[in-house]
Amino acid sequence: MADNKRKALLGMTPAELKTVVTELGMPAFTAKQIAQWMYGKQVRAVDEMTNLSKQNRTLLAAHYEIGAMEPADSQRSADGTVKYLFPTASGQFVETVYIPDNDRATLCVSCQVGCKMNCLFCQTGKQGWEGNLTAADILNQIYALPEAGKLTNVVFMGQGEPMDNLDNVLRAIEVLTAEWGYQWSPKRITVSSIGVKNKLKRFLDESDCHVAVSMHSPIHEQRLALMPAERQMTIAEVVELLRQYDFSHQRRCSFEYICFAGMNDTMVHAREIVKLVQGLECRVNLIRFHEIPGVPLPPSDGKKMESLRDYLTAHGVFTTIRASRGQDIFAACGLLSTAKKQQGL
């Protein structure tokens, strides 16, 4: 775990690194070297920055550390999915899911410990909110991942609502996409949201990453019963906002839709979805519901989901059924929680 007496360098921009080295009396160009060692070569310790003088490495290490923290635990699914438990600088834990799929490898990262949104169908929501991750905490899930070199894309679909920790999410994205950082295309990153007023617009304005909106029902009253945040920003308001942006080229807009038997998987819902998103360049991802103790929501069967997919596709809404991964290790959609880990159980 990180040494709390020293500050983490991970997540800092070149300008911030320049301030660090200037305050320590080191040459200004050292900041660029530090950024190259961290984001280009992903070194674990200051002493590995061999083009810094020994004196400057010693000076820097006395006050700062990279901030990389190895996973505290991991579980491997029968389908190859791996769930990692990462410590945070504050002494808490978050879960991160690595999903290999032929020539693709996706990492599902967390941005909060728990979540405030309390969606009925989500295990993370049952945990409650226990704090925001820093940009370093978010980046560490990638930086210290054993399979980091294999990643093709990252999705902010783990624990937490990204718009509720937007500053740190945007900072992590900046590091991943900047020329001085990881140099990723923003098209390798998808950020999910239930829709948070003002914050979602800011994300769309300040980022070129893909956006995935959790819909789960196109009907206001029903979505409100599933997702209390519908009260602050309705799905109709979310779609109205999305219409102001161009998703006809490389940037993608998608809607996540967990299917509950007889509740939101009917032809009534199919018609309402078509009506809601008509004219918006988007796709819908249908997701199997993974049952949670104490939540009386039955999952849709495969045939119902196929009927929903086929209707939406036939009416101009490109729709897929997302393959469920990692369910046997509680790594599938809606199952992430570190409540027991926080209690030391």
Side-chain angles (χ1 to χ4, degrees), residues 117 119-122 153 155-157 161-163 186-187 189-205 207-289 297 300 302-323 333-334:
M117 301 304 149
C119 297
L120 180 61
F121 47 81
C122 182
N153 57 306
V155 294
F156 282 77
M157 295 183 185
E161 163 57 54
M163 302 306 134
K187 308 307 180 287
I189 303 168
T190 300
V191 179
S192 70
S193 178
I194 61 173
V196 177
K197 192 159 282 192
N198 301 323
K199 298 294 185 69
L200 181 58
K201 183 180 190 308
R202 185 181 155 207
F203 165 76
L204 291 166
D205 288 339
S207 158
D208 291 321
C209 298
H210 302 313
V211 61
V213 172
S214 299
M215 181 190 294
H216 310 310
S217 177
I219 300 168
H220 170 68
E221 294 78 8
Q222 188 178 58
R223 189 172 187 260
L224 180 59
L226 291 169
M227 307 165 68
E230 168 78 1
R231 185 173 285 108
Q232 275 69 50
M233 190 176 192
T234 67
I235 190 62
E237 289 175 315
V238 172
V239 172
E240 185 181 347
L241 174 64
L242 292 170
R243 290 187 189 281
Q244 300 172 26
Y245 297 84
D246 183 5
F247 297 105
S248 63
H249 299 292
Q250 286 189 312
R251 191 180 197 184
R252 284 201 314 266
C253 169
S254 60
F255 291 94
E256 310 297 296
Y257 198 93
I258 297 175
C259 294
F260 308 109
M263 186 176 174
N264 69 346
D265 62 353
T266 71
M267 283 301 107
V268 170
H269 291 88
R271 288 190 289 271
E272 288 297 323
I273 293 171
V274 172
K275 191 188 304 181
L276 179 67
V277 304
Q278 192 169 25
L280 177 65
E281 190 72 30
C282 65
R283 64 177 63 193
V284 172
N285 296 317
L286 303 179
I287 303 169
R288 291 176 177 84
F289 175 54
L297 294 172
S300 298
K303 287 186 178 179
K304 267 288 191 183
M305 293 179 69
E306 288 170 10
S307 296
L308 190 57
R309 176 198 61 195
D310 294 346
Y311 181 92
L312 293 174
T313 300
H315 288 78
V317 182
F318 179 68
T319 304
T320 63
I321 297 175
R322 181 182 291 165
C333 183

### 4.5 Å side-chain heavy-atom contact, Ser193 and Glu161
yes

### Task
Determine, stepwise, if the pair Asn264 / Ile219 fulfils side chain to side chain contact (heavy atoms under 4.5 Å, CB included).
CA-CA 9 Å; Asn264 69 346; Ile219 300 168; over 6 Å; no

### Query
Are any non-hydrogen side-chain atoms of Leu312 and Arg309 less than 4.5 angstrom apart?
no

### Query
Is the closest side-chain heavy-atom distance between Met233 and Val238 below 4.5 Å?
yes

### Task
May I ask you to decide if Ala212's main-chain N or O and Glu256's side chain share a donor-acceptor pair within less than 3.5 Å?
no

### Summary
Looking only at heavy atoms, the pair that brings Glu281 and Ser248 closest together is CG-CA, 4.0 Å

### Message
Apply side chain to side chain contact (heavy atoms under 4.5 Å, CB included) to residues Met263 and Leu226 and explain how you reach the verdict.
### Response
CA-CA 11 Å; Met263 186 176 174; Leu226 291 169; 3.7 Å; yes

### Check: Phe255 and Leu276 side chains under 4.5 Å, non-hydrogen atoms
no

### Query
Is atom CD of Gln278 surrounded by more than 12 heavy atoms (other residues, nucleotides or ligands) closer than 6.0 Å?
no

### Message
Apply side chain to side chain contact (heavy atoms under 4.5 Å, CB included) to residues Val191 and Met163 and explain how you reach the verdict.
### Response
CA-CA 9 Å; Val191 179; Met163 302 306 134; 3.7 Å; yes

### Rounded distance (nearest 0.5 Å) linking atom CZ of Arg223 with atom SG of Cys119
8.0 Å

### Distance-minimising heavy-atom pair for Tyr245 and Lys201
OH-CG, 3.5 Å

### Query
Does any non-hydrogen side-chain atom of Leu200 lie less than 4.5 Å from one of Val211?
yes

### Query
Would you call the rings of Phe121 and Phe260 parallel, tilted or perpendicular, where under 30° means parallel and over 60° means perpendicular?
tilted

### Query
Side chain of His220, backbone of Glu230: donor and acceptor closer than 3.5 Å?
no

### Message
Between Tyr257 and His269, is the ring centroid distance below 6.0 Å?
### Response
no

### Message
Going by side chain to side chain contact (heavy atoms under 4.5 Å, CB included), Val284 matches just one of Leu308, Val317, Thr313. Which one?
### Response
Val317

### Task
With the side chain counted from C-beta on, respond yes when Phe247 and His210 share a heavy-atom pair under 4.5 Å apart, and no when they do not.
no

### Task
Kindly determine whether Glu272 and Lys275 satisfy salt bridge (Lys or Arg N to Asp or Glu O under 4.0 Å), including the steps that lead there.
CA-CA 5 Å; Glu272 288 297 323; Lys275 191 188 304 181; 3.3 Å; yes

### Task
Taking all non-hydrogen atoms of both residues into account, name the closest pair between Val274 and His315 and its distance.
CG2-CB, 3.9 Å

### Query
So does Arg243 pair up with Glu240, basic N to acidic O under 4.0 Å?
no

### Student check: side-chain heavy atoms of Glu306 and Ser300 closer than 4.5 Å
no

### Query
Would the number of heavy atoms belonging to other residues, nucleotides or ligands and lying under 6.0 Å from CD of Gln232 be above 12?
yes

#### Entry: Verdict with reasoning, Val239 to Val213, per side chain to side chain contact (heavy atoms under 4.5 Å, CB included)
CA-CA 9 Å; Val239 172; Val213 172; over 6 Å; no

#### Entry: N/O donor-acceptor pair under 3.5 Å between Ser307 side chain and Lys303 backbone
yes

